[in-house]
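Naming convention: chains lettered A, B, ... in sequence-line order (proteins, then strands); numbering from 1 in each chain. What you see is a predicted model, and the numbers here were worked out from it, not measured in a lab.
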Number of protein chains: 2
Amino acid sequence: MSVEHTLLAVLSYWPSTGYDIKSEFEHKAASLYWGMSYGSIYPKLRKLEEEGFIFTLDQEEDGRRKKLYELTPKGWEELENWLLISPAYPVVKDELFMKMSTWHDDLDSTILIGHLRKRRGETEDILGFVKEWPSNGISFVSKFSALAIRFAEIRLEAEIKWIDEAIHVLQTNDLPEGQDLNGNVDKILTRRRKAIKENKEK
Amino acid sequence: MSVEHTLLAVLSYWPSTGYDIKSEFEHKAASLYWGMSYGSIYPKLRKLEEEGFIFTLDQEEDGRRKKLYELTPKGWEELENWLLISPAYPVVKDELFMKMSTWHDDLDSTILIGHLRKRRGETEDILGFVKEWPSNGISFVSKFSALAIRFAEIRLEAEIKWIDEAIHVLQTNDLPEGQDLNGNVDKILTRRRKAIKENKEK
DNA sequence: CGAACCATGTAACTAGTTACATGATTCG
DNA sequence: CGAATCATGTAACTAGTTACATGGTTCG
């Protein structure tokens, strides 16, 4: 897996401690990178050191011991070989998508609208951060990063546009037509109602 | 985790076997749902049955034994309680984003363009499938599903638009400005070149 | 009649999280 | 002076994949 490569990538920006890496991911995890816990960062850093991809620059700064990790020549090489191979297709795990697909007319659609509104807020927050990012006066953003961030921006904006559209069609009950060749919508409602009735009788 | 809930969700459409569930996810995994292997489906189904959320309808069809699973009243209840709680913010793991953010001028940008082109092709394929989906003459698509699928469509279209833009700016070397307050771009290239030089001398 | 598909399942492994332990420093 | 932050680390657990074993059926 490429968690190791992600660590090498972060270390390529500048030598960092395990703690730094975690913080770096904390705010960037915003729909772009993925998070990592200490429980996987520290053991992985040690493993990468044992294998000769990184080495430690022990530091005693204000009495605070810290282990800065830096890439070895072998580490640079490994990182760049990874950069050259074609990236895997992204994995998206979106519960909202799953829940919406499973929704039916016996459920209160205002709940679903609530989910959408909450998502809109979260997405808006991240979008705000992403828009500031390349000119926030603190972060390092290379021109390539800036291009990648632009992608995040476009994606988030598209999401907000869709959410607004979705809330609107749910409120006006103007949902798109689906495809129901076997009368599944009815079958589902029947199966559900029967199961619930059984439950009540019990 | 909500893998269990995802299984309940799929079973709510119609009673299915473990094999059916896997196939269902195979083609829908297209950037919308997430995949699952037999190694996690079968043990999970058994667990759900033990806990009383689903039950088996044993079938002997053409000498082929199969175990159809169906939701119990408790299963319907559990599913719907899950539908009502606010969905977690989606997790996206996109290596392309990571690789682009780590790119620098000592690497051949035509490789990165290659990555983008490949991604464009894959996304285009999925988009083709997604567009057909609600009217392909086979799939069951409720009106709520149709709305969710519309989201996938918008997202994929936005991605393609961005890829074209990105390829263009890379080819014309017209990348957006970043933010480099500490001369990091230079520092990175210096660290890298030094490491590579060390390696050659060895 | 063999390849592809339908169908179920497990053992060994890989990956990762959660929660805790520890201890120093900084800041309101 | 206590809370927040900096900093490292581990043990127990949860989740999930890969690869294999098994055996029947359908279709070219």
Euclidean distance, atom [atom1] of residue [X] to atom [atom2] of [N] [Å, nearest integer]:
X     : N      : atom1 : atom2 : result
B/L48 : D/dA15 : CG    : P     : 12 Å
B/K93 : C/dA15 : NZ    : P     : 11 Å
B/E49 : C/dT8  : CD    : P     : 12 Å
A/F25 : C/dG16 : CZ    : P     : 12 Å
B/R65 : C/dA7  : CZ    : P     : 11 Å
A/D20 : D/dA7  : CG    : P     : 6 Å
A/L7  : C/dG16 : CG    : C1'   : 13 Å
A/E24 : D/dT5  : CD    : C1'   : 17 Å

Given [options], identify the nucleotide with an atom nearest to the side chain of [X].
X     : options                : result
A/R46 : D/dG16, C/dT17, D/dT10 : D/dT10
A/Y69 : D/dG9, C/dG16, C/dT8   : D/dG9
A/K44 : D/dT17, C/dG16, D/dA7  : C/dG16
A/Y19 : C/dG16, C/dT8, D/dA7   : D/dA7

Would you say [X] places a side-chain N or O within less than 4.0 Å of OP1 or OP2 belonging to [N]?
X     : N      : value
A/Y42 : D/dT8  : yes
B/S40 : D/dG16 : no
B/T17 : C/dT8  : yes
A/K22 : D/dT8  : no

For [X] and [Y], test the side chains for any donor-to-acceptor distance below 3.5 angstrom and give the result as yes or no.
X      : Y      : value
A/T56  : A/E49  : yes
B/S86  : A/K118 : yes
A/E78  : A/H5   : yes
A/S139 : B/Q179 : no
A/E95  : B/S2   : yes

What's A/G39 touching, base or sugar-phosphate or nothing? Going by heavy atoms closer than 4.0 Å.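 Base, at least one base heavy atom under 4.0 Å.
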Of B/K66 and A/I41, whose nearest nucleotide on DNA chain C comes first from the 5' end?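 By nearest-heavy-atom nucleotide position, the 5'-most residue is B/K66.
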